[in-house]
K.L.:
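There's a structure below that I have some questions on.
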Amino acid sequence: MDRILKPAHQNDMRKTFILAGLAAAAVSLALVSGCGNKPSSSFQTEDSFTFSETSCPRVKVAEGILEGSLESGIKVFRGIPFAAPPTGEFRWKAPRSAEPWSGVREAKSFGPDPMQGNPFGDMNFGAAGRSEDCLYLNIWTPAKTPSQGLPSVIYFNGGGLYAGSGSEPRYAGESMAREGIISITANYREGIFGFFAHPELCAETSYGGSGNWGFLDQLAAIKWVHENISAFGGDPGKITIVGESAGSMSVSALMASPLCKGLFSKAMASSGSVSSGPIPTQEEANALGVAKLEEMGVADIAAARAMGAEELLEKSNINGVPTYNVDGYFFPEQPCDIYEKGLQNKVPLLAGRNSQEMPGLLLAARGIDSIEKVREALLPTFGDRTGEAMELYGFKTDADISGRAGTEYASDLFIAYATWHLGYIHAKTSGQPVYRYYYAHPRPAMRMQGVVAALAGGVQKADPDAPAAPAPAFNGAVHSADIEYAMGTLPTNRVYDWQPEDFAVSAQFLAYYANFIKTGNPNGLGLVDWHPVNGREIPPMLVIDVDCKEVADENFEKKNLLWMEVHK
């Protein structure tokens, strides 16, 4: 009898398989009680598998046999362990290979979300809960046979490196799979669990560094996909990585790491990068780690490892991007230097940002409410070129603060400039095509009442006593608004009142993504032509909206080049 293994976090039990063989007639039939007792096409043993159109497709990976589900023609495998649980003595250590299993492991439910609080409102997770045992990935494959050699894409979630999960419905792979692409989401350790350095941890590693555990998890996920994707009908030579916000930062980090050489063939980055300036050194990260344990009242790493995950999460109180660093291993040197020297992974890149990554109203909320105060705010960054910066942004009157000028400046302070820099430097030093976009379509009105949008895509309860926020003079695409459009997952988000034009934008965005994943070129029939920035005097970018258009904005380029020059 086949033995159905469920992930350790699930406690419910199901009936085991009942196998009936008709050897004399050379006919075999497998009845699967958890799949509506529908017959599969071939007899199942622990050493064989089927990839046929059954309600319970099976694949054999390096660790054993997985059984997923068939969902309207797409084979879905959820909660696949790509690494062993990073718990107990293995907290703050590099991920280890997943343990093999005997029998058949059920892969029909998401693995636990990474340990995290709720900093961005309801991010709408699909998993049953959170756990330090979180290193699971999910696969949506349209392949009919394992030999089809389809391209695949791995999505790394956003959330500031301290929130988010691959179980979020906005990353789901159904729409991408129907474009002929195997779609994958993968968890990684976040917050203090994924990004924490300490001298004692450095003493434990062969390379004398520590801290980038979450990035090493992402690397492990890519390696697992590279080694096993052929079982799902994929080609290991056609893997694309993509992410938004912290996921985009992760993509740029993975591109910079020599550990990723040859593991992926293309990259897509949406709103975020680590390429634009120095990150903390190992020594600086160690100092922060020592201070954190002191702040928590924890004596040493042994005591910190003895803490329960919930206690550690609460006491660490991580409410911002955690510290990643130059550990001498994942990052052998500063990532900005890696890119400048052309040592990054040289793959085609599609990268872009949203038109309103941060609203200009935020400047006024911080006391920058007049042109003179804008000038004072710009002076420490731009020095004697402050006047030039004011002109390039378009700051002329106080009204510009909440308008396009203020929105561009606030967005650059947050994440937009860093994203521009990734495209610029990769085009300059990689010899690979770079396609750049500017996502401009605002979300429609909310369907829900009594809530306000949160930064990373969730919602939070509105304060009924708070004064009404003034309407912005510029209404653009806010941070993270692009995800559901690009992934074709608008119906999974019930917060907004999606209109026909939203689905029209999504159809175009998804098509560009799919074309790039397949060929390294986003262009295709029925789409506005999109040229790479390489070799262009004024690099073009595709403005993605109801009516897409390609533009070459000289002032936009000058503004970003000015940022780069003053940061050198």
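Side chains included, hydrogens not; waters and symmetry mates left out as well; all remaining heavy atoms used.
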K.L.:
What about the rings of Tyr188 and Phe215, do their centers lie closer together than 6.0 Å?
P.N.:
no
K.L.:
At what distance, to the nearest 0.5 angstrom, does CZ of Arg170 lie from OG1 of Thr185?
P.N.:
12.0 Å
K.L.:
Between His426 and Tyr339, what is the ring plane arrangement, given parallel below 30°, perpendicular above 60°, and tilted in between?
P.N.:
perpendicular
K.L.:
Please check if atom CD in Glu314 has more than 12 non-hydrogen atoms from other residues, nucleotides or ligands closer than 6.0 Å.
P.N.:
no
K.L.:
So, does His567 use its side chain to make a donor-acceptor pair with the main chain of Trp563 at under 3.5 Å?
P.N.:
yes
K.L.:
Kindly indicate whether the side chain of Thr205, heavy atoms from C-beta on, has any atom under 4.5 Å from the side chain of Tyr329.
P.N.:
no
K.L.:
Does the plane of the ring in Phe331 sit parallel, tilted or perpendicular to the ring in Tyr324? Use 30° and 60° as the thresholds.
P.N.:
tilted
K.L.:
Quick one, Leu135 and Pro81 - any side-chain contact, counting heavy atoms below 4.5 Å?
P.N.:
no
K.L.:
Is there a donor-acceptor contact under 3.5 Å from the side chain of Asn345 to the main chain of Ser257?
P.N.:
yes
K.L.:
May I ask you to decide if Pro85's main-chain N or O and Arg96's side chain share a donor-acceptor pair within less than 3.5 Å?
P.N.:
yes
K.L.:
Without swapping roles, check the side chain of Asp412 against the backbone of Ala416 for a donor-acceptor pair under 3.5 Å.
P.N.:
no
K.L.:
Using only atom types and a distance under 3.5 Å, with no angle test, would you say the side chain of Asn228 pairs donor to acceptor with the backbone of Ala62?
P.N.:
yes
K.L.:
Could you pull out the closest heavy-atom pair between Met115 and Leu313, with the gap in Å?
P.N.:
CE-CD2, 3.9 Å
K.L.:
Are the charged groups of Arg130 and Glu190 less than 4.0 angstrom apart, N to O?
P.N.:
no
K.L.:
Would you please indicate if the ring centroids of Tyr512 and Tyr437 are separated by under 6.0 Å?
P.N.:
no
K.L.:
Can a side-chain donor-acceptor contact be found between Gln282 and Asp327 if the only test is distance below 3.5 angstrom?
P.N.:
no
K.L.:
Does any non-hydrogen side-chain atom of Thr240 lie less than 4.5 Å from one of Ile154?
P.N.:
no
K.L.:
Does some side-chain heavy atom of Ile229 sit less than 4.5 Å from a side-chain heavy atom of Ile182?
P.N.:
yes
K.L.:
Going from OG on Ser167 to CG on Asp113, what distance comes out if it is rounded to the nearest 0.5 angstrom?
P.N.:
3.5 Å
K.L.:
Are the side chain of Asn187 and the backbone N or O of Ser165 linked by a donor-acceptor pair below 3.5 Å?
P.N.:
no
K.L.:
Any side-chain heavy-atom pair from Met487 and Ser175 closer than 4.5 angstrom?
P.N.:
no
K.L.:
Is it the case that the ring center of Phe509 lies less than 6.0 angstrom away from the ring center of Tyr485?
P.N.:
no
K.L.:
Verify, without hydrogens or angle tests, whether Glu200 (side chain) and Asp300 (backbone) share a donor-acceptor contact under 3.5 angstrom.
P.N.:
no
K.L.:
What are the two closest non-hydrogen atoms of His198 and Ser210, and how far apart are they?
P.N.:
N-OG, 3.3 Å
K.L.:
Do Glu295 and Lys315 meet the salt-bridge criterion of a basic N to acidic O distance under 4.0 Å?
P.N.:
no
K.L.:
Within the 4.5 Å heavy-atom criterion, are Pro322 and Ile192 side-chain neighbours or not?
P.N.:
no
K.L.:
Ignoring hydrogens and angles, tell me if any N or O in the side chain of Ser411 forms a donor-acceptor pair with the backbone of Glu357 under 3.5 Å.
P.N.:
yes
K.L.:
Would you tell me whether Gln218 and Ser250 have side-chain atoms, one donor and one acceptor, within less than 3.5 Å of each other?
P.N.:
yes
K.L.:
Return the CG to CZ distance between Leu349 and Arg436, rounded to the nearest 0.5 Å.
P.N.:
11.0 Å
K.L.:
For Tyr171, which of Tyr155, Phe110, Trp140, Phe125 qualifies under ring-ring contact (aromatic ring centres under 6.0 Å, His included)?
P.N.:
Tyr155
K.L.:
Please determine if Arg91 and Glu132 form a salt bridge, counting it only when a charged side-chain N lies under 4.0 Å from a carboxylate O.
P.N.:
yes
K.L.:
Phe196 vs Trp92 aromatic rings, parallel, tilted or perpendicular, using cut-offs 30° and 60°?
P.N.:
tilted
K.L.:
Please work out which of the three classes, parallel, tilted or perpendicular, describes the rings of Trp224 and Phe232, given edges at 30° and 60°.
P.N.:
tilted
K.L.:
Look up atom CZ in Arg305 and atom CG in Leu201, then write down how far apart they are to the nearest 0.5 Å.
P.N.:
5.5 Å
K.L.:
Tell me whether Lys223 is salt-bridged to Glu227, with the criterion being a basic N under 4.0 Å from an acidic carboxylate O.
P.N.:
no
K.L.:
Tell me if the centroids of the rings in Phe120 and Tyr162 come within less than 6.0 Å of each other.
P.N.:
yes
K.L.:
Determine whether the side chains of Ser270 and Tyr513 contain a donor N or O and an acceptor N or O closer than 3.5 Å.
P.N.:
yes
K.L.:
Within a reach of under 6.0 Å around NZ of Lys93, are more than 12 heavy atoms found that belong to other residues, nucleotides or ligands?
P.N.:
yes
K.L.:
Thinking salt bridges, do Lys341 and Glu333 make one under a 4.0 Å N-O criterion?
P.N.:
yes
K.L.:
Can you name the closest pair of heavy atoms from Asn325 and Asn212 and give their distance?
P.N.:
O-ND2, 2.8 Å
K.L.:
Any heavy-atom pair between the side chains of Ser275 and Met255 that's under 4.5 Å?
P.N.:
no
K.L.:
Taking all heavy atoms of Pro335 and all of Ala256, pick out the closest pair and write down the distance.
P.N.:
CB-CB, 4.3 Å
K.L.:
Return the minimal non-hydrogen interatomic distance between Ser271 and Ile415, and the atom names on each side.
P.N.:
O-CD1, 3.0 Å
K.L.:
Could you verify whether a donor N or O on one side chain and an acceptor N or O on the other, from Asn354 and Glu244, lie under 3.5 Å apart?
P.N.:
no
K.L.:
Could you measure the distance from the CG atom of Asn317 to the CG atom of Leu312? Nearest 0.5 Å is fine.
P.N.:
11.5 Å
